[in-house]
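In what follows, a single structure is set out as structure tokens and then discussed.
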Amino acid sequence: MALMITDECINCDVCEPECPNDAIYMGIEIYEINPDKCTECVGHYDAPQCRQVCPVDCIPFNPDHTESQDQLMAKYHLLTASKKTGSA
């Protein structure tokens, strides 16, 4: 399941640099998470780093993007392979 950022976001900028997949970006008003790049840090860390650093706890799981641990790991492998080949 990918993560999402809710409108409680205060734009503090701490989550974006923590994302190893570059899934977090500045949206029109608040930071957003690209679900195609979010692996919940599977393959990188034991826990989602953005959730660890968020001071207002505004990064819940996105119910519209439910994925198993195996699917998240497969996405991680796809994303890291494309970074190595330069096609990301």
Side-chain angles (χ1 to χ4, degrees):
M1 178 177 291
L3 300 169
M4 61 187 277
I5 298 176
T6 65
D7 59 6
E8 286 90 21
C9 176
I10 59 171
N11 293 327
C12 66
D13 303 322
V14 298
C15 63
E16 183 183 28
E18 295 299 320
C19 182
N21 296 324
D22 299 323
I24 300 174
Y25 62 96
M26 187 62 188
I28 294 172
E29 294 184 24
I30 61 172
Y31 279 93
E32 297 181 24
I33 297 178
N34 179 342
D36 295 331
K37 290 185 172 183
C38 180
T39 63
E40 298 173 34
C41 290
V42 167
H44 295 283
Y45 302 104
D46 291 335
Q49 297 302 288
C50 59
R51 294 185 76 184
Q52 299 289 318
V53 299
C54 181
V56 292
D57 195 26
C58 68
I59 308 175
F61 293 103
N62 187 336
D64 294 333
H65 295 281
T66 304
E67 297 167 294
S68 69
Q69 289 293 311
D70 289 339
Q71 289 171 312
L72 291 169
M73 184 58 80
K75 189 191 304 186
Y76 160 77
H77 286 297
L78 180 67
L79 290 169
T80 56
S82 63
K83 281 184 179 182
K84 289 176 186 174
T85 63
S87 55

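Keep in mind that this is a model prediction, so the values were computed, not measured. As a basis for the values below, the full set of heavy atoms in this structure was taken, side chains included, without hydrogen atoms, waters or symmetry mates.
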| request: Taking the side chain as every heavy atom from C-beta outward, state whether Asn11 and Met26 have any atom pair closer than 4.5 Å. | output: yes
| message | Please determine whether residues Phe61 and Ile33 belong to a single hydrophobic cluster, defined as Ile, Leu, Val, Met, Phe, Trp and Tyr linked transitively by side-chain heavy-atom distances below 4.5 Å. | response | yes
| task | Take Asp7 and Glu29, measure what side chain to side chain contact (heavy atoms under 4.5 Å, CB included) needs, and give me the verdict at the end. | result | CA-CA 9 Å; Asp7 59 6; Glu29 294 184 24; over 6 Å; no
| message | Rounded at 0.5 Å granularity, tell me how far NE2 in His77 sits from OG1 in Thr39. | response | 10.5 Å
| remark: Heavy atoms of Cys41 and Pro48 approach each other most closely as SG-CA, 3.8 Å
| request: For residues Met4 and Pro63, determine if any side-chain heavy atom of one lies less than 4.5 Å from a side-chain heavy atom of the other. | output: yes
| field | Trace of the side chain to side chain contact (heavy atoms under 4.5 Å, CB included) decision for Lys75 with Glu67 | value | CA-CA 10 Å; Lys75 189 191 304 186; Glu67 297 167 294; 3.0 Å; yes
| Taking atom OH of Tyr25 and atom SG of Cys15, what is their separation to the nearest 0.5 Å? | 12.0 Å
| request: Determine whether Leu3 and Val42 fall in the same hydrophobic cluster, where Ile, Leu, Val, Met, Phe, Trp and Tyr are linked whenever their side-chain heavy atoms lie under 4.5 Å apart. | output: no
| field | Atom pair CG (Leu72) and SG (Cys38), whose distance is rounded to the nearest 0.5 Å | value | 7.5 Å
| field | Spacing of CD belonging to Gln49 relative to CD1 belonging to Ile59, to within rounding of 0.5 Å | value | 11.0 Å
| query | In Å, rounded to the nearest 0.5 Å, how long is the span from SG of Cys9 to CD1 of Ile30? | reply | 5.0 Å
| Which value, rounded to the nearest 0.5 Å, describes the distance between Asp57 atom CG and Arg51 atom CZ? | 6.5 Å
| message | Regarding His65 and Asp36, do their side chains bring together a donor and an acceptor under 3.5 Å, going by distance alone? | response | no
| field | Flag side-chain contact, heavy atom, 4.5 Å: Ile24 against Glu16 | value | yes
| query | Just wondering, more than 12 heavy atoms not from Asp13 lying within 6.0 Å of its CG? | reply | yes
| Are Tyr76 and Asn21 linked by a side-chain donor-acceptor pair shorter than 3.5 Å? | no
| request: For Thr66 and Gln71, work out which heavy atoms get closest and say how close. | output: O-OE1, 4.2 Å
